[in-house]
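What follows is a single structure, written as structure tokens, with notes after it.
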2 protein chains.
Amino acid sequence: MGTREQIVEAANRLFYQQGYERTSFASIAETVGISRGNFYYHFKTKDEILEAVLEARLQDTRAMLARWTEGAATPLKRVFRFVEIVVANRADIEHYGCPVGTMTSELAKLDHPSRAQAVDIFRVFRDWLREQFTELGHAANADDLALQVLAFSQGVATLSNAFGERGYVKREVERLKTRLMSLDT
Amino acid sequence: MGTREQIVEAANRLFYQQGYERTSFASIAETVGISRGNFYYHFKTKDEILEAVLEARLQDTRAMLARWTEGAATPLKRVFRFVEIVVANRADIEHYGCPVGTMTSELAKLDHPSRAQAVDIFRVFRDWLREQFTELGHAANADDLALQVLAFSQGVATLSNAFGERGYVKREVERLKTRLMSLDT
DNA sequence: CGCACATTAGGACAACTGTCCTAAAATCTC
DNA sequence: GAGATTTTAGGACAGTTGTCCTAATGTGCG
């Protein structure tokens, strides 16, 4: 793997685990195992790294959703797949929160130029969910339902991160899935 | 107002608007209009300020909930009062997110010693909500309901902060209130 | 008033920040 | 293998960080 990709990968992880502001040029270089001078050859500024990280996350998200669109037979199963993210990533979320939600929050506070790019990741999820609800026969309020599912996962992620209680995430996910099943025809 | 209170108030606001990590000793001193030397007389470390800020938030929260307990006639109206926080603070939330949620998230990422203190603010809300649902006659799952209402407000706050869409918060709050009314006997 | 104490200002300190430069090393092309 | 280009290392730079010290000022009490 090229140096540039290694940098983006390390920065991606550090931004998630420590936050953007906290993560320094030096610590990324140290993680990758290169000198700060070499670092500068690939990225001139910290903002450039952030852009690359957000771009990578955006593409990863699109690729994941594309797999889900193909992999799951019904729209309801696809929505379930999304809701179960918080279960699959429960351990990370307890430690560091939701990668999308915490990044947008931090960039909002920093009034960072790349904030819109971070929000775009939310938008990709939202659009995808809306499509699923449309297919499910709820075109009229598909966007509302998409936002409700997004808000659910953000709320559960935040509280899971705060309280870290065993069984909480799983319980809430099951509850939502039950509610969602009533939407099926 | 004493210098110490002014410092805590300024730090409270700056921590909310810019985040804890971003906010510097110097910027707090500048906001209050005192020298960094004087600052050091009142607080030895940045962590000490954070503790004072969290303590102040905790007391403010308790005081607010106490007023609500007295001010609203029925437990359902009290819960409504809570849910409407996100409407009342919509403008701030669009800019900076929920003060409680974003603070706990940031401190979690920083692995900060005061993280537990920040979570305590969540806990105060949770306990208060649980009491309301108990009074409402749902003692069996009062804590679950409290967590659901908390998660709702966190989810809505995060998405409102991300998308900033007109009418979103109000719409979601009305939807939840309708759902909550079905809990009333 | 005069003295003790609380409060303040201003600056010093090393460590770290993001940024940038230069020269050496590695790699590729012919 | 020679030469050009890409990639690397190491350190310099000014500015900022949290922390700390000292001396001056304010304030209250006898």
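Sequence lines set the chain letters: A, B, ... in the order given, protein chains first and strands last, and positions in each chain run from 1. What you see below is based on every heavy atom in this structure, not just the backbone, and it leaves out hydrogens, waters and symmetry mates.
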Dump the pairs, protein N or O against N or O of nucleotides 3-7 of chain D, anything under 3.5 Å, distances to one decimal.
from  : atom 1 : to      : atom 2 : distance (Å)
D/dT7 : OP2    : A/Tyr41 : OH     : 2.7

Q. Looking at B/Arg171 and A/Asp144, does any basic side-chain N land under 4.0 Å from a carboxylate oxygen?
A. yes
Q.
Less than 4.5 Å apart, side chain to side chain, heavy atoms only: is that true for A/Tyr20 and A/His112?
A. yes
Q: Of all the heavy-atom pairs spanning B/Ala151 and A/Val156, show the shortest one and how long it is.
A: CB-N, 4.2 Å
Q) Can the ring centres of B/Phe82 and B/Phe125 be said to be less than 6.0 Å apart? A) yes
Q) Separation of B/Lys46 atom NZ from C/dA15 atom P, in whole Å? A) 20 Å
Q | Protein-nucleotide distance (B/Lys44, atom NZ; C/dT7, atom P), rounded to Å | A | 12 Å
Q. Contact class for A/Thr23 (heavy atom, under 4.0 Å): base, sugar-phosphate, or nothing?
A. sugar-phosphate
Q. Once you round it to whole Å, what is the distance between C1' of D/dT17 and CD of B/Gln18?
A. 14 Å
Q | Upstream residue (5' side of DNA chain C) when A/Gly37 and A/Ala26 are each assigned their closest nucleotide | A | A/Ala26
Q: Considering only NZ, NE, NH1 and NH2 on the basic side and carboxylate oxygens on the acidic side, decide whether A/Glu106 and B/Lys109 come within less than 4.0 Å.
A: no
Q: Using a strict cut-off of less than 4.0 Å between a Lys/Arg side-chain nitrogen and an Asp/Glu carboxylate oxygen, indicate whether B/Glu165 and A/Arg126 qualify as a salt bridge.
A: yes
Q: Take the protein atom CZ of B/Arg36 and the nucleotide atom P of D/dT16, then report the distance between them rounded to whole Å.
A: 11 Å
Q. Do A/Arg81 and A/Glu84 sit within salt-bridge range, that is, some charged N less than 4.0 Å from a carboxylate O?
A. no
Q. Once you round it to whole Å, what is the distance between C1' of D/dT8 and CZ of A/Arg4?
A. 17 Å
Q. How close or far is atom P of D/dT19 from atom CG of B/Leu50, stated in whole angstroms?
A. 12 Å
**Q.** 5'-most by nearest nucleotide on DNA chain D - B/Glu21 or A/Ile34
**A.** A/Ile34
Q: Count the heavy atoms belonging to other residues, nucleotides or ligands that lie under 6.0 Å from NZ of B/Lys170, then report whether that count exceeds 12.
A: no
**Q.** Distance, rounded to the nearest Å, where B/Phe25 contributes CZ and D/dG15 contributes C1'
**A.** 19 Å
(Q) Looking at D/dC20, I'd like to know if its phosphate oxygens (OP1 or OP2) sit under 4.0 Å from a side-chain N or O belonging to B/Tyr40. (A) yes
Q. Under 4.0 Å between a side-chain N/O of A/Ser35 and OP1 or OP2 of D/dT8, yes or no?
A. no
Could you run down the sub-3.5 Å N/O contacts of the protein with nucleotides 26-29 of chain D?
none

**Q.** Distance, rounded to the nearest Å, where B/Phe39 contributes CZ and D/dT17 contributes P
**A.** 12 Å
Q | NZ/NE/NH1/NH2 to OD/OE distance under 4.0 Å, B/Arg57 and B/Asp60 | A | no
